[in-house]
Amino acid sequence: MVQPPIQFDRTSGALEGANLWERTAALALSTGSRISSHFSHMGYIACANLLRKTLPERNIAVRLNEDAVFEFPYGDGYWSKLLNRSYHYEDELELLFRDSADVDYTLIDCGANYGYWSVLVSSKPFGSHKAIAIEPSGQNFPKLANNADINGNRFETMKCAIGAGRGTAKLSGSKHEAFSIAGDQSDGEEVPVIALDNLLDDGRIEASGKYLIKLDVEGVEIEAMKGGARLMQGDSVLLCEEHGSDRKHTVSRYILEETPLELIVYDPSSNRLETVTELSILDRIKVSTHVGYNVFGTASAFWQDRINALNAKAVRRVQ
(Lines give C-alpha, C1' and ligand atoms only; values in the text may rest on other atoms or scores of the structure.)
Protein backbone atom coordinates (compact mmCIF):
# COMPACT_ATOMS: atom_id res chain seq x y z
CA MET A 1 0.00 0.00 0.00
CA VAL A 2 1.29 3.47 -0.94
CA GLN A 3 1.80 5.60 2.15
CA PRO A 4 0.41 9.15 2.15
CA PRO A 5 3.06 11.84 1.80
CA ILE A 6 4.83 13.40 4.75
CA GLN A 7 3.71 17.03 5.20
CA PHE A 8 6.19 19.88 5.73
CA ASP A 9 5.31 23.56 6.10
CA ARG A 10 8.19 25.89 5.20
CA THR A 11 6.55 28.81 6.97
CA SER A 12 5.99 27.18 10.34
CA GLY A 13 8.52 24.35 10.16
CA ALA A 14 5.85 21.79 11.11
CA LEU A 15 6.59 18.22 9.98
CA GLU A 16 3.64 15.82 10.09
CA GLY A 17 3.10 12.17 9.22
CA ALA A 18 6.75 11.13 9.66
CA ASN A 19 8.03 8.35 11.90
CA LEU A 20 11.04 8.78 14.20
CA TRP A 21 13.62 7.79 11.58
CA GLU A 22 12.01 10.00 8.95
CA ARG A 23 12.07 12.92 11.42
CA THR A 24 15.75 12.26 12.12
CA ALA A 25 16.42 12.21 8.38
CA ALA A 26 14.60 15.53 7.98
CA LEU A 27 16.87 17.09 10.59
CA ALA A 28 19.94 15.67 8.82
CA LEU A 29 18.75 16.93 5.41
CA SER A 30 18.03 20.41 6.76
CA THR A 31 21.27 20.66 8.73
CA GLY A 32 23.27 19.38 5.76
CA SER A 33 21.77 22.10 3.59
CA ARG A 34 22.60 24.85 6.08
CA ILE A 35 26.20 23.66 6.43
CA SER A 36 26.83 23.03 2.73
CA SER A 37 25.24 26.36 1.74
CA HIS A 38 28.54 27.98 2.76
CA PHE A 39 30.20 26.23 -0.19
CA SER A 40 27.34 26.28 -2.74
CA HIS A 41 25.92 22.94 -1.49
CA MET A 42 28.93 21.03 -2.78
CA GLY A 43 28.39 17.32 -2.08
CA TYR A 44 24.88 17.77 -0.69
CA ILE A 45 23.02 15.92 -3.45
CA ALA A 46 25.30 12.86 -3.22
CA CYS A 47 24.97 12.67 0.58
CA ALA A 48 21.21 13.16 0.51
CA ASN A 49 20.77 10.45 -2.11
CA LEU A 50 22.76 8.04 0.05
CA LEU A 51 20.50 8.82 3.01
CA ARG A 52 17.46 8.33 0.79
CA LYS A 53 18.39 4.67 0.32
CA THR A 54 17.70 4.09 4.03
CA LEU A 55 14.22 5.64 3.84
CA PRO A 56 10.94 4.01 2.83
CA GLU A 57 9.69 5.02 -0.62
CA ARG A 58 7.16 7.76 -0.08
CA ASN A 59 6.66 11.40 -1.03
CA ILE A 60 6.95 14.57 0.98
CA ALA A 61 4.53 17.43 0.29
CA VAL A 62 6.22 20.75 1.02
CA ARG A 63 3.90 23.72 1.55
CA LEU A 64 5.74 26.59 -0.13
CA ASN A 65 3.10 29.15 0.86
CA GLU A 66 -0.59 29.13 1.79
CA ASP A 67 -1.57 28.37 -1.82
CA ALA A 68 1.28 26.17 -3.10
CA VAL A 69 2.21 22.55 -2.37
CA PHE A 70 5.21 20.90 -4.03
CA GLU A 71 5.56 17.12 -3.77
CA PHE A 72 8.64 14.99 -4.46
CA PRO A 73 10.16 11.66 -3.30
CA TYR A 74 11.31 11.95 0.30
CA GLY A 75 15.09 12.23 0.52
CA ASP A 76 15.54 13.42 -3.07
CA GLY A 77 18.99 15.00 -3.19
CA TYR A 78 18.06 17.89 -5.44
CA TRP A 79 14.85 19.06 -3.75
CA SER A 80 15.45 18.16 -0.08
CA LYS A 81 17.24 21.49 0.43
CA LEU A 82 13.70 22.88 0.76
CA LEU A 83 13.62 21.31 4.25
CA ASN A 84 16.07 24.06 5.21
CA ARG A 85 13.68 26.98 5.75
CA SER A 86 16.45 29.55 5.18
CA TYR A 87 17.21 28.12 1.73
CA HIS A 88 15.90 29.97 -1.32
CA TYR A 89 15.85 28.20 -4.66
CA GLU A 90 17.17 30.44 -7.47
CA ASP A 91 16.89 33.78 -5.66
CA GLU A 92 17.12 35.89 -8.79
CA LEU A 93 14.09 34.22 -10.35
CA GLU A 94 11.99 34.55 -7.21
CA LEU A 95 12.93 38.23 -7.09
CA LEU A 96 11.54 38.81 -10.60
CA PHE A 97 8.48 36.57 -10.14
CA ARG A 98 7.50 38.26 -6.87
CA ASP A 99 7.90 41.72 -8.35
CA SER A 100 5.79 40.71 -11.37
CA ALA A 101 2.78 39.49 -9.36
CA ASP A 102 0.68 42.39 -10.69
CA VAL A 103 1.61 41.81 -14.37
CA ASP A 104 -0.70 39.78 -16.61
CA TYR A 105 1.89 37.31 -17.92
CA THR A 106 2.19 33.59 -18.61
CA LEU A 107 5.11 31.49 -17.40
CA ILE A 108 6.50 29.09 -20.02
CA ASP A 109 8.40 26.63 -17.84
CA CYS A 110 10.72 24.67 -20.15
CA GLY A 111 12.50 21.76 -18.51
CA ALA A 112 9.97 22.02 -15.69
CA ASN A 113 11.20 18.90 -13.84
CA TYR A 114 8.59 18.36 -11.07
CA GLY A 115 7.04 21.81 -11.63
CA TYR A 116 8.41 23.92 -8.77
CA TRP A 117 8.16 27.25 -10.57
CA SER A 118 4.80 26.47 -12.18
CA VAL A 119 3.37 25.60 -8.76
CA LEU A 120 4.75 28.78 -7.21
CA VAL A 121 3.98 31.29 -9.99
CA SER A 122 0.38 30.02 -10.28
CA SER A 123 -0.17 30.54 -6.52
CA LYS A 124 -2.01 33.56 -5.10
CA PRO A 125 1.01 35.26 -3.43
CA PHE A 126 2.77 35.29 -6.81
CA GLY A 127 -0.28 36.56 -8.73
CA SER A 128 -2.11 33.35 -9.73
CA HIS A 129 -0.52 33.40 -13.17
CA LYS A 130 -1.10 31.06 -16.07
CA ALA A 131 1.74 28.60 -16.59
CA ILE A 132 2.69 25.97 -19.16
CA ALA A 133 5.03 23.37 -17.66
CA ILE A 134 7.00 21.52 -20.34
CA GLU A 135 8.93 18.37 -19.39
CA PRO A 136 10.10 15.59 -21.74
CA SER A 137 11.10 12.87 -19.28
CA GLY A 138 8.85 9.86 -18.80
CA GLN A 139 10.36 9.55 -15.32
CA ASN A 140 9.74 13.18 -14.34
CA PHE A 141 6.44 13.88 -16.09
CA PRO A 142 4.20 11.84 -13.72
CA LYS A 143 5.64 13.80 -10.78
CA LEU A 144 4.98 17.05 -12.64
CA ALA A 145 1.42 15.95 -13.43
CA ASN A 146 0.93 15.01 -9.76
CA ASN A 147 1.98 18.51 -8.67
CA ALA A 148 -0.47 20.00 -11.15
CA ASP A 149 -3.20 17.73 -9.74
CA ILE A 150 -2.61 18.50 -6.05
CA ASN A 151 -2.69 22.22 -6.87
CA GLY A 152 -6.08 22.03 -8.60
CA ASN A 153 -4.72 21.56 -12.15
CA ARG A 154 -4.28 25.31 -12.35
CA PHE A 155 -1.35 25.06 -14.77
CA GLU A 156 -0.99 23.21 -18.08
CA THR A 157 1.49 20.37 -18.62
CA MET A 158 3.13 19.21 -21.86
CA LYS A 159 5.33 16.15 -22.31
CA CYS A 160 7.96 17.20 -24.86
CA ALA A 161 11.40 18.76 -25.20
CA ILE A 162 12.21 22.24 -26.49
CA GLY A 163 14.51 22.67 -29.49
CA ALA A 164 14.97 24.57 -32.74
CA GLY A 165 11.98 22.93 -34.45
CA ARG A 166 9.52 20.05 -34.44
CA GLY A 167 10.90 16.52 -34.41
CA THR A 168 12.07 13.81 -32.05
CA ALA A 169 15.21 13.34 -29.98
CA LYS A 170 16.81 10.93 -27.54
CA LEU A 171 16.73 12.01 -23.90
CA SER A 172 19.29 10.60 -21.50
CA GLY A 173 21.07 11.28 -18.22
CA SER A 174 21.63 9.80 -14.77
CA LYS A 175 20.07 12.61 -12.70
CA HIS A 176 16.42 13.66 -12.94
CA GLU A 177 17.44 17.32 -12.77
CA ALA A 178 19.90 16.99 -15.66
CA PHE A 179 18.22 14.92 -18.41
CA SER A 180 19.24 16.28 -21.81
CA ILE A 181 18.69 15.87 -25.56
CA ALA A 182 22.01 17.60 -26.29
CA GLY A 183 24.53 15.89 -28.56
CA ASP A 184 24.26 12.91 -30.87
CA GLN A 185 22.63 10.28 -28.69
CA SER A 186 22.14 6.75 -29.93
CA ASP A 187 20.17 5.55 -26.92
CA GLY A 188 17.83 6.95 -24.33
CA GLU A 189 14.14 7.76 -24.23
CA GLU A 190 12.69 9.00 -27.52
CA VAL A 191 10.77 12.22 -26.93
CA PRO A 192 8.89 14.68 -29.13
CA VAL A 193 10.51 18.09 -29.67
CA ILE A 194 8.82 21.40 -30.39
CA ALA A 195 10.05 24.97 -30.83
CA LEU A 196 8.91 27.83 -28.63
CA ASP A 197 7.34 29.50 -31.67
CA ASN A 198 5.22 26.38 -32.20
CA LEU A 199 3.28 27.44 -29.10
CA LEU A 200 2.19 30.45 -31.18
CA ASP A 201 1.52 28.32 -34.28
CA ASP A 202 -0.61 25.87 -32.28
CA GLY A 203 -2.68 28.59 -30.62
CA ARG A 204 -1.52 27.76 -27.09
CA ILE A 205 -0.35 31.35 -26.56
CA GLU A 206 -0.98 34.71 -28.27
CA ALA A 207 1.73 36.86 -29.85
CA SER A 208 0.32 39.89 -28.03
CA GLY A 209 0.79 38.37 -24.57
CA LYS A 210 3.48 38.91 -21.96
CA TYR A 211 5.74 35.97 -21.12
CA LEU A 212 8.46 34.91 -18.72
CA ILE A 213 10.20 31.92 -20.32
CA LYS A 214 12.28 29.68 -18.04
CA LEU A 215 14.77 27.74 -20.17
CA ASP A 216 16.32 24.97 -18.08
CA VAL A 217 17.05 22.69 -21.01
CA GLU A 218 20.50 21.30 -20.18
CA GLY A 219 22.68 22.31 -23.11
CA VAL A 220 19.99 23.08 -25.69
CA GLU A 221 19.49 26.74 -24.76
CA ILE A 222 20.84 28.14 -28.04
CA GLU A 223 18.70 25.80 -30.16
CA ALA A 224 15.69 26.78 -28.04
CA MET A 225 16.39 30.46 -28.66
CA LYS A 226 16.66 29.85 -32.39
CA GLY A 227 13.22 28.24 -32.26
CA GLY A 228 11.71 31.18 -30.40
CA ALA A 229 12.72 34.13 -32.59
CA ARG A 230 9.14 35.39 -33.07
CA LEU A 231 8.28 35.02 -29.41
CA MET A 232 11.41 36.96 -28.47
CA GLN A 233 10.30 39.94 -30.56
CA GLY A 234 7.37 40.55 -28.23
CA ASP A 235 7.00 41.20 -24.51
CA SER A 236 9.04 38.22 -23.35
CA VAL A 237 11.97 37.60 -21.04
CA LEU A 238 14.17 34.54 -21.44
CA LEU A 239 15.46 33.15 -18.16
CA CYS A 240 18.39 30.91 -19.16
CA GLU A 241 20.81 28.86 -17.13
CA GLU A 242 24.50 29.62 -17.60
CA HIS A 243 26.60 26.82 -16.09
CA GLY A 244 29.30 27.78 -13.62
CA SER A 245 31.83 25.49 -15.26
CA ASP A 246 31.47 27.22 -18.66
CA ARG A 247 34.17 29.88 -18.49
CA LYS A 248 33.40 30.89 -22.10
CA HIS A 249 29.88 31.93 -21.01
CA THR A 250 28.44 30.33 -24.15
CA VAL A 251 24.76 31.09 -23.55
CA SER A 252 25.38 34.69 -22.50
CA ARG A 253 27.77 35.22 -25.40
CA TYR A 254 25.12 34.01 -27.83
CA ILE A 255 22.48 36.34 -26.36
CA LEU A 256 24.85 39.31 -26.42
CA GLU A 257 26.43 38.75 -29.82
CA GLU A 258 23.89 36.82 -31.91
CA THR A 259 20.46 38.07 -30.82
CA PRO A 260 18.73 41.47 -30.53
CA LEU A 261 18.10 40.78 -26.83
CA GLU A 262 19.51 42.84 -24.00
CA LEU A 263 21.54 40.61 -21.65
CA ILE A 264 20.80 41.03 -17.93
CA VAL A 265 22.35 39.18 -15.00
CA TYR A 266 21.71 39.26 -11.26
CA ASP A 267 24.72 40.63 -9.39
CA PRO A 268 24.69 39.48 -5.74
CA SER A 269 27.12 42.26 -4.77
CA SER A 270 24.61 44.98 -5.72
CA ASN A 271 21.38 42.93 -5.38
CA ARG A 272 20.44 44.30 -8.80
CA LEU A 273 19.68 42.91 -12.23
CA GLU A 274 22.54 44.46 -14.21
CA THR A 275 22.60 45.04 -17.96
CA VAL A 276 25.68 43.30 -19.36
CA THR A 277 27.78 44.72 -22.19
CA GLU A 278 31.04 42.99 -21.22
CA LEU A 279 31.03 39.28 -20.40
CA SER A 280 33.88 39.74 -17.92
CA ILE A 281 31.31 40.52 -15.20
CA LEU A 282 30.36 36.82 -15.33
CA ASP A 283 33.90 35.82 -14.35
CA ARG A 284 33.22 37.51 -10.99
CA ILE A 285 29.62 36.34 -10.54
CA LYS A 286 30.08 32.67 -11.52
CA VAL A 287 32.10 31.62 -8.47
CA SER A 288 31.03 27.95 -8.27
CA THR A 289 31.77 25.56 -11.11
CA HIS A 290 29.16 22.96 -10.12
CA VAL A 291 26.03 25.14 -10.12
CA GLY A 292 24.00 27.08 -12.68
CA TYR A 293 23.53 30.84 -12.87
CA ASN A 294 20.48 32.43 -14.47
CA VAL A 295 20.89 35.12 -17.09
CA PHE A 296 18.03 37.06 -18.66
CA GLY A 297 17.48 38.17 -22.24
CA THR A 298 14.78 40.56 -23.44
CA ALA A 299 13.99 42.96 -26.27
CA SER A 300 10.85 44.20 -24.53
CA ALA A 301 10.67 47.83 -23.43
CA PHE A 302 7.91 46.84 -21.01
CA TRP A 303 10.06 44.27 -19.21
CA GLN A 304 13.15 46.50 -19.31
CA ASP A 305 11.14 49.21 -17.54
CA ARG A 306 9.93 46.68 -14.96
CA ILE A 307 13.49 45.53 -14.30
CA ASN A 308 14.69 49.13 -13.96
CA ALA A 309 11.90 49.78 -11.44
CA LEU A 310 12.85 46.62 -9.55
CA ASN A 311 16.46 47.84 -9.38
CA ALA A 312 15.29 51.19 -8.04
CA LYS A 313 13.45 49.38 -5.25
CA ALA A 314 16.65 47.45 -4.42
CA VAL A 315 18.59 50.71 -4.14
CA ARG A 316 15.97 52.19 -1.80
CA ARG A 317 16.08 49.06 0.38
CA VAL A 318 19.87 49.39 0.72
CA GLN A 319 19.57 53.09 1.61
Side-chain angles (χ1 to χ4, degrees), residues 2-11 14-18 22 26 29 45 48-49 52 55-85 87-90 93-94 97-98 101 105-162 171 173 175-179 189 191 199 204 212-218 239 241:
V2 178
Q3 294 188 72
I6 297 166
Q7 306 289 324
F8 178 69
D9 190 316
R10 271 178 60 86
T11 301
L15 183 72
E16 298 177 356
E22 289 166 334
L29 291 164
I45 290 178
N49 284 335
R52 181 182 175 184
L55 296 167
E57 288 192 20
R58 65 186 301 197
N59 282 356
I60 182 167
V62 176
R63 183 161 292 281
L64 304 175
N65 62 43
E66 66 270 22
D67 189 40
V69 178
F70 180 62
E71 197 168 296
F72 56 89
Y74 189 47
D76 176 87
Y78 188 78
W79 290 113
S80 288
K81 293 186 286 288
L82 292 173
L83 292 170
N84 169 13
R85 294 165 61 202
Y87 169 73
H88 290 279
Y89 180 63
E90 297 186 321
L93 297 188
E94 182 164 338
F97 290 143
R98 280 194 180 278
Y105 76 85
T106 297
L107 171 67
I108 303 176
D109 190 1
C110 304
N113 190 258
Y114 300 167
Y116 176 88
W117 285 120
S118 291
V119 168
L120 209 55
V121 162
S122 63
S123 71
K124 290 177 183 176
F126 281 76
S128 300
H129 292 287
K130 295 178 182 177
I132 302 173
I134 303 171
E135 170 58 44
S137 165
Q139 176 181 321
N140 290 351
F141 189 81
K143 298 177 178 66
L144 169 63
N146 177 62
N147 276 315
D149 180 58
I150 63 176
N151 288 279
N153 287 309
R154 65 191 183 204
F155 60 87
E156 184 180 350
T157 60
M158 295 177 64
K159 188 183 180 303
C160 59
I162 296 294
L171 181 78
K175 300 176 181 178
H176 71 76
E177 68 272 18
F179 291 140
E189 177 188 357
V191 296
L199 297 173
R204 289 183 178 271
L212 294 177
I213 304 167
K214 175 76 169 73
L215 274 186
D216 191 356
V217 289
E218 302 298 335
L239 318 171
E241 187 173 78

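Positions are given from 1 along the sequence. Everything numeric in this text was worked out from a predicted model, so none of it was measured.
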> For the residue pair Pro73 and Asn59, what are the closest heavy atoms and their distance?
Replying inline: CA-OD1, 3.4 Å
> So among Phe155, Phe97, Phe70, Phe126, which one has a ring pair (Phe, Tyr, Trp, His ring centres under 6.0 Å) with Trp117?
Replying inline: Phe97
> If you take all heavy atoms of Gln3 and Pro56, which pair is closest and at what distance?
Replying inline: NE2-CB, 4.1 Å
> Taking the six-membered ring for Trp, are Tyr114 and Trp79 parallel (under 30°), tilted (30 to 60°) or perpendicular (over 60°)?
Replying inline: tilted
> Are the side chain of Tyr89 and the backbone of Glu94 linked by a donor-acceptor contact shorter than 3.5 Å?
Replying inline: no
> Do Glu22 and Arg58 come close enough that some side-chain heavy atom pair is under 4.5 Å?
Replying inline: yes
>> Within this structure, what is the OG1-CD distance for the pair Thr11 and Glu66, rounded to the nearest 0.5 Å?
In response: 7.5 Å
> Okay, side chain of Arg52, backbone of Gly77: is any donor-acceptor separation there less than 3.5 Å?
Replying inline: no
>> To the closest 0.5 Å, what do you measure between CG (Asn113) and CD1 (Ile134)?
In response: 14.0 Å
> Ser137 and Leu171: which non-hydrogen atoms are nearest, and at how many Å?
Replying inline: CA-CD2, 3.5 Å
> Should Arg154 and Val119 count as side-chain neighbours, where that means a heavy-atom distance under 4.5 Å?
Replying inline: yes
> Any side-chain heavy-atom pair from Leu83 and Ile60 closer than 4.5 angstrom?
Replying inline: yes
> Between Asn140 (side chain) and His176 (backbone), is there a donor-acceptor pair under 3.5 Å?
Replying inline: yes
> Which residue, Ile108, Thr106, Ile213, Ile162, forms the side-chain contact (heavy atoms from CB on, under 4.5 Å) with Leu199?
Replying inline: Ile108
> Rounded to the nearest 0.5 Å, what separation is found between the CE atom of Met158 and the SG atom of Cys110?
Replying inline: 9.0 Å
> Could you give the distance from CG (Asn147) to CZ (Phe72), rounded to the nearest 0.5 Å?
Replying inline: 9.5 Å
> Taking atom CG of Asp76 and atom NZ of Lys81, what is their separation to the nearest 0.5 Å?
Replying inline: 8.5 Å
>> Using every non-hydrogen atom in the two residues, find where Ile6 and Glu16 come nearest and quote the distance to one decimal.
In response: CG2-O, 3.4 Å
> How long is the span from the CD atom in Glu135 to the CG atom in Asp216, to the nearest 0.5 Å?
Replying inline: 9.0 Å
>> Would you say that His129 contacts Tyr105 through its side chain, given a criterion of any heavy-atom pair below 4.5 Å between the two side chains?
In response: yes
> How far apart are the closest heavy atoms of Ala68 and Leu120, and which atoms are they?
Replying inline: CB-CD1, 4.2 Å
> Do you know the tightest heavy-atom contact between Pro5 and Glu71?
Replying inline: CG-OE1, 3.7 Å
